[in-house]
Colleague: 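Below: one structure in structure tokens.
The sequence lines fix the lettering, A, B, ..., with proteins before strands; numbering per chain opens at 1. All values reported here derive from a predicted model rather than from experimental measurement.
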Amino acid sequence: MPPSQLKALKTRLREKGITAPSKTKTQRKSDGNHVNPKDRHTALQQIRDDFNPFELRHVSTRPAKFPSTSIYNSAGSGKYAKVLHRPGVSKSAGEDMRRQYLLPEMRRRNKTGGLVDRRIGEGDEGMTAEQRAVMRFTKEKEGRRGGVFDLEGSDDEGGMMGLTHGGRAIDELEVDDMKGSGKGSESEDEDAGFLVKKRRREDEEEDDVEEAGEGQPDVKKSKKEVMQEVIAKSKLHKYERQKVKEDDEDLIDKLDAGMADLLPLLRSQQVPPPPPAPIEIQPGTTANEAGMKIDPERQKLLDGMDRAQADKDYEKRLRELAQDIRAKPSERTKTAEERAKEEAERLKELEERRSKRMIGEELSEDEEEERRRAVDDEHAEDIAVDALGNEEVGDDAEEFGLASAGVESIQKTREEVQHVDEDEFDFDADLVASASEAELSDQESEADDMSAPGEVTEVNQEQDEEDEFVKGFLGGANATPIADSSNNPILNGNGALAFTYPCPRSHAELLSIVEPLPVQQLPTVIQRIRALYHPSLSAANKEMMSDFSRALVDHLAYMAEHDQPLPVIEQVIRHLHSLSRTYAIPIAEAFRTHLLAWHERPGGEPSKGDLVILTAIGSIYPTSDHFHQIVTPATTLMGRWLAVNAPSPGAKTMDERRSRVGAFMVGLCVRWQALSKRLAPEAVRFTLRVLSTIAATTTSSAEVAEHLENLTAMAELWKAKTAFIDIFEPFIPMLPNLGSAAAAASQHLSTLLKSSRQTRYPLLLHNHRPQPLRTSNPKFEEGFNPDKHYDPDRERSDAAKLRKEVKREKKGAVRELRKDGAFVAREELREKRERDADFVKRERRLVAEIAQEGRENQGGGGGKGRGKGRR
Amino acid sequence: MPGIIANDAVRKRKRDDGPKTDGAKPRKAPKTTSTGQSTRTRILHLEEQILQGREHYNNTVELQSLVQEYETKPRTATLAAVGLCRVFCRLIAAEALVKTGGATDGEAKIAQWLKGRLREYVGSLLTWIGSPEAAQESTSLALLMRIVKAETSQGSKRSEQAWRTETSTFLKLIQALLDRTDAEGARQEFGEKYADEYDDVRFYTFLAVKQVLKLSSTQPEDISGNAIDLLSHMESPPDSDYQPETWYSTDAPSAATNNPLLSLASHRKAAQETWLTIFRSPLTKENRKRLLTLATSQILPNFSTRLELLADFLTDSFNAGGSLSLLALNSIFHLITHQNLDYPDFYTKLYSLLDEDVLHSKHRSRFFRLLETFLRSEHLPAALVASFVKRLARLSLQAPPGAIVWIVPWVYNCVKAHPGLGFLLHRPYHPAHRIYSTQAKAGSDSATIAVKDPFNMLEPNPNSTGAIDSSLWELESLQSHYHPNVATLARILGEQFTKREYVLEDFLDHSYASLVGQELGREVSAKKGVEVEWAIPKRIVMEEVGEGLELNGVGRLLTGALKAM
């Protein structure tokens with residue numbers, strides 16, 4: 001059986017040392033350390049709590065939410081853990097507050113007008129008249145003490161002086177007003193549990209802290225006191241800082257003083273005399289004194305040059321001196337091995353770039369941006385479209401650049417494939433953005449990596465070009481072989497050549513220069529022009545050279561039209577190639593102009609010039625690129641010509657022109673694809689048709705060899721294609737009809753066909769990882785918290801939050817109103833009871849009095865005596 | 001219509017001048033300085049006189065002579081023709097050209113003589129049709145139709161005659177329209193302004209065309225060509241609930257129940273007869289093509305009863321091969337779907353149309369559109385669709401990019417619609433697959449044995465080509481097509497099939513011109529720059545052989561081409 005409550009209380013009190021057995025005086029003295037009143041207070045509180053378990057309550061009625069799913073909110077952990085509430089305390093606080101505010105209001109109900117007595121302590125029942133008087137007196141004193149001219153008070157209160165109204169500081173007034181009107185704000189301060197707060201949990205925590213602090217009887221400082229303390233502290237700090245600074249300065253001064261002695265030691269060498277002001281120097285003496293050669297400028301100065309001019313010159317010199325290239329460690333001469341290694345690395349990098357372009361991967365940063373925007377747009381479009389019921393509004397073909405072609409098409413497609421089925425609901429802007437950003441950043445870093453080699457190659461290229469240029473200028477290796485081969489002594493030619501020319505800026509101008517000269521001199525002329533107008537010589541040269549390069553492209557076509565020798569044309573192409581490193585865009589535009597002219601020519605027949613232009617394109621530009629601004633249209637144009645001009649199956653004769661031009665184009669196609677090995681269906685078709693026509697007519701002509709050569713080249717090029725058999729099998733039956741010339745080709749082809757048959761397997765294009773079904777909401781969250789809302793729709797989640805808040809507020813308000821109502825009813829009841837009791841008392845008294853009087857009247861004298869007796 | 005405007009102007013002036021002819025002329029006389037003006041007044045004067053009494057009928061001869069002088073004085077001739085037209089219209093309305101019962105001998109003679117003049121006049125107007133001058137042609141057409149109107153507006157019996165008899169102006173006009181090959185303008189105008197507007201003109205035109213075609217013996221091909229041209233400008237009677245109600249002749253046809261003009265059925269029948277006549281007449285290839293292009297829109301609606309004849313015609317055309325078959329396809333399909341025509345081996349024939357020329361022909365997009373329609377049904381056997389897919393894939397190895405660009409998304413759609421075709425793109429090893437089982441002889445359990453393509457390109461029946469057991473190596477190879485866009489597009493067959501369907505219409509109209517023009521039409525962007533080959537080759541068209549220089553492969557081809565040009 002547990003001990004009784006009283007006993008337990010006593011033991012506890014004793015344990016805590018609150019009720020010790022009374023000690024003697026000596027004991028008390030020797031003890032010395034009294035129980036601290038604060039400790040005592042807390043101890044008492046603790047005991048009280050222990051003995052009244054219902055005064056304390058763990059957190060509210062809120063149960064732990066989904067304890068099985070959440071690691072945060074199981075009972076007694078997480079946010080709601082260990083928060084103790086004192087319902088009794090908060091209830092009584094609420095009661096007090098109501099009494100304070102609601103009660104007067106209630107009393108003043110149905111009353112209008114009246115006088116509000118604002119005198120201190122008026123209406124306060126807990127104050128005696130003396131207390132009131134004391135309060136008023138002190139207050140009055142305080143008000144006076146802060147006078148403007150009060151010298152004594154100015155020290156600490158100087159900063160507090162401010163505007164007044166009616167003899168009171170504005171601040172004070174405001175506080176008063178606030179107190180008068182702001183019931184709510186004060187109540188918040190006073191009682192956290194009373195009014196429902198928006199952010200309940202935080203308040204609860206605060207509450208908790210406050211309650212914890214409640215145990216300590218801290219003497220709260222007024223604001224003013226705090227301010228003063230702060231000011232004093234800062235003043236102290238300031239003073240300290242100043243002091244340190246002064247000390248430092250003193251120290252420095254001391255050091256400086258010693259410097260004069262130290263300086264001569266430091267400058268052990270002779271001290272150059274400070275540069276004497278020029279004007280002070282006397283001409284004769286200086287020259288003699290210096291006894292050395294005089295700078296001519298200086299001499300000029302001495303001879304009476306303007307001083308301002310001299311100053312200017314001096315400054316100029318100084319600046320030049322500053323900008324002078326200082327000696328640098330010269331680059332170590334590299335060993336042959338190192339050079340070879342570097343060269344190899346450079347080649348490797350170039351090759352890497354090329355192969356990337358071939359796959360169509362390379363994207364510069366700008367394109368990246370563009371693509372990103374495009375992708376975003378596409379997303380937006382997709383979503384918009386899909387929201388409207390999965391309708392395809394956009395142009396499907398456009399995605400592949402068929403309506404507006406672009407390099408980005410692959411990337412686009414990839415994106416497209418990924419996001420095509422997204423509907424509005426799935427779409428989470430943040431998620432997608434972050435994902436694509438991640439991807440992009442990857443690519444960007446790649447691009448960054450790429451850019452470095454790019455710079456390197458550029459530098460290298462420039463060097464190369466410089467070499468080439470120098471060679472050209474010296475009339476080096478390039479020029480001589482032509483002269484030799486054409487057996488045209490270059491000396492003779494040179495005799496007629498001028499060394500300077502006006503820079504030709506159009507083809508007509510170029511013609512006027514070149515026309516009178518023998519054709520073989522053209523490369524020399526170009527070299528000289530390039531040397532004369534090298535962009536490093538003048539800023540204007542750059543523009544001139546770009547015009548010149550355009551003219552050169554035109555001249556290329558012109559030369560072909562006029563049947564000028566191929567070796568010269570070749571040299572011009574090489575010049576153009578080297579020029580296009582610097583003037584890539586003008587030359588590219590010139591080439592494209594020629595292609596466009598061919599494209600728009602009725603019938604689409606190429607001119608001789610176009611054939612040479614095609615040759616030049618194949619040499620100047622990387623034909624293996626996935627997309628190239630010049631190569632791609634050129635290939636397409638060749639494809640078109642081949643498709644249109646393939647002889648019809650029943651053709652009896654073969655037009656020689658068609659056959660030769662076709663052979664050339666097929667040859668070019670094959671050579672252009674040497675690295676990338678792309679398929680050109682038109683070339684196959686053309687060759688097939690031509691060969692079958694020739695086979696049918698059995699007039700084996702000279703050009704059959706060309707076509708057979710092309711056929712072999714194509715077969716060799718595309719032997720790895722899975723459709724190799726399907727492409728080349730139709731050739732087999734016609735080859736025997738072509739006579740002995742075709743025997744080798746036939747042999748070759750059948751060998752390749754055989755090996756291709758042995759290596760062909762059914763396609764396995766769809767070894768994709770199975771795609772999971774798209775789920776976005778609800779998404780699986782790691783560490784799911786049921787209290788958190790994962791609704792990706794921002795608006796909806798915000799609305800839900802707001803609704804919840806409103807509901808909570810409403811509940812709180814209803815509860816408060818109910819409590820208010822109960823309070824009012826209680827008060828009314830109390831008053832009524834009082835009134836009733838009063839009434840009853842009075843009534844009783846009256847009745848008694850009346851009875852008394854009656855009795856007196858009745859009883860006569862006897863009654864008097866009693867009455868007297870009572871008095 | 002300058003002719004008509006002139007006509008109106010003249011008429012107006014005439015009306016003004018009518019009451020006071022003598023007074024007006026002197027007033028105008030001072031103003032007329034040119035001879036043209038004087039002849040104009042002369043013509044007007046002559047015209048006035050004719051209308052005043054029969055003693056002036058001889059003026060028609062003079063006017064007629066003016067009309068015939070068109071080559072020298074076109075304006076005068078036009079004026080005279082307009083004047084004569086007015087005269088004859090009035091005379092016809094006044095019944096001066098018919099022998100009435102109580103007419104005297106003289107009157108009959110006069111009527112006979114006037115008829116002769118009218119015929120002469122019409123004859124000279126008919127010569128104007130087919131002239132290179134549009135104004136002249138159109139004037140004559142307008143005048144002739146005016147006379148037709150006058151002739152057909154004189155009582156039901158006579159107007160019936162005027163529409164139908166061989167000597168009537170209307171028939172002569174139709175005859176002229178069909179005879180002259182170069183009268184396209186007149187035919188078009190006739191079709192649009194008269195035959196389309198007026199139900200009776202259309203009805204009788206059909207009859208007249210049929211009549212003319214039957215009568216004509218010389219150069220029947222030209223005539224039938226012209227007939228097709230004429231009829232192509234006429235819209236067919238539209239809906240089945242359409243009621244003919246616009247008449248050219250002023251007196252509406254009697255409301256008798258058996259009047260053929262009033263029922264749509266008889267209109268249709270007339271049209272159908274005419275078309276059948278045209279089908280029977282000898283046709284050049286060009287005409288056949290025209291007919292086939294018209295077939296769905298204009299001919300088919302008119303055929304209600306004798307569909308088999310039309311079907312025969314279409315079948316003949318379909319069997320003719322080439323572009324004719326392409327054109328016939330549409331109508332046949334229409335008949336199959338709408339008229340319940342039983343067409344055996346339609347898909348076999350369709351399959352036989354797939355040769356490489358189709359992909360290069362100018363009707364490519366039309367054909368593709370139809371092909372997509374025919375093969376869209378998901379109830380078709382997968383083997384059949386596979387044959388089409390495989391065959392087109394094979395053909396695309398020699399096709400222009402414009403065709404490949406359509407074929408690839410189409411194949412995608414087909415695979416989506418027939419999941420069985422997925423094996424064409426992805427066929428993991430399994431002994432049950434025919435492609436593997438036929439190769440069972442060596443290392444039967446290994447998945448790495450090479451296979452033979454079971455597809456037989458020469459098999460005409462699409463149900464038994466073996467395509468369903470094959471693989472689309474062709475399209476896989478096209479993933480490395482030289483044109484970047486085509487290559488990219490071909491890659492969709494290797495990606496995951498997440499898109500439901502491609503809208504093929506977007507891929508139809510691509511050609512070399514659009515591909516090149518689109519790229520070249522753009523500026524070279526300075527930002528992207530142009531990639532340049534980094535190595536400058538020492539030799540491009542030449543090569544060093546020993547000491548000297550010789551042409552290399554490119555150089556030889558280039559010189560060959562340059563020489564041949």
Colleague: For residues B:Ile404 and A:Pro681, determine if any side-chain heavy atom of one lies less than 4.5 Å from a side-chain heavy atom of the other.
Modeller: yes
Colleague: Could you check A:Ile630, A:Ile587, A:Ile620, A:Thr582 and say which one makes a side chain to side chain contact (heavy atoms under 4.5 Å, CB included) with B:Val532?
Modeller: A:Ile620
Colleague: Pick one of side chain, backbone, both or neither for B:Arg394, based on which atoms fall under 4.5 Å of a heavy atom in chain A.
Modeller: side chain
Colleague: For the CG atom of A:Leu764 and the OG atom of B:Ser471, what is their distance to the nearest 0.5 Å?
Modeller: 7.5 Å
Colleague: Using non-hydrogen atoms and a 4.5 Å limit, figure out which bit of A:Leu688 sits close to chain B: side chain, backbone, both or neither.
Modeller: side chain
Colleague: Is it the backbone or the side chain of A:Leu642 that comes under 4.5 Å from a heavy atom of chain B, or both, or neither?
Modeller: neither
Colleague: Quick check on side chain to side chain contact (heavy atoms under 4.5 Å, CB included): which of B:Val554, B:Leu558, B:Ile540 does A:Leu566 satisfy it with?
Modeller: B:Leu558
Colleague: So which part of A:Arg689 gets closer than 4.5 Å to some heavy atom of chain B, the side chain, the backbone, both or neither?
Modeller: side chain
Colleague: Counting only non-hydrogen atoms closer than 4.5 Å, does A:His628 touch chain B with its backbone (N, CA, C, O), its side chain (CB onward), both, or neither?
Modeller: side chain
Colleague: At a heavy-atom separation under 4.5 Å, does B:Ala535 approach chain A through its side chain, its backbone, both, or neither?
Modeller: backbone
Colleague: Which atoms of B:His481 come close to chain A, meaning under 4.5 Å heavy atom to heavy atom: side chain ones, backbone ones, both, or neither?
Modeller: both
Colleague: Can you spot which of B:His483, B:Glu531, B:Glu519 makes a side chain to side chain contact (heavy atoms under 4.5 Å, CB included) with A:Phe627?
Modeller: B:Glu519
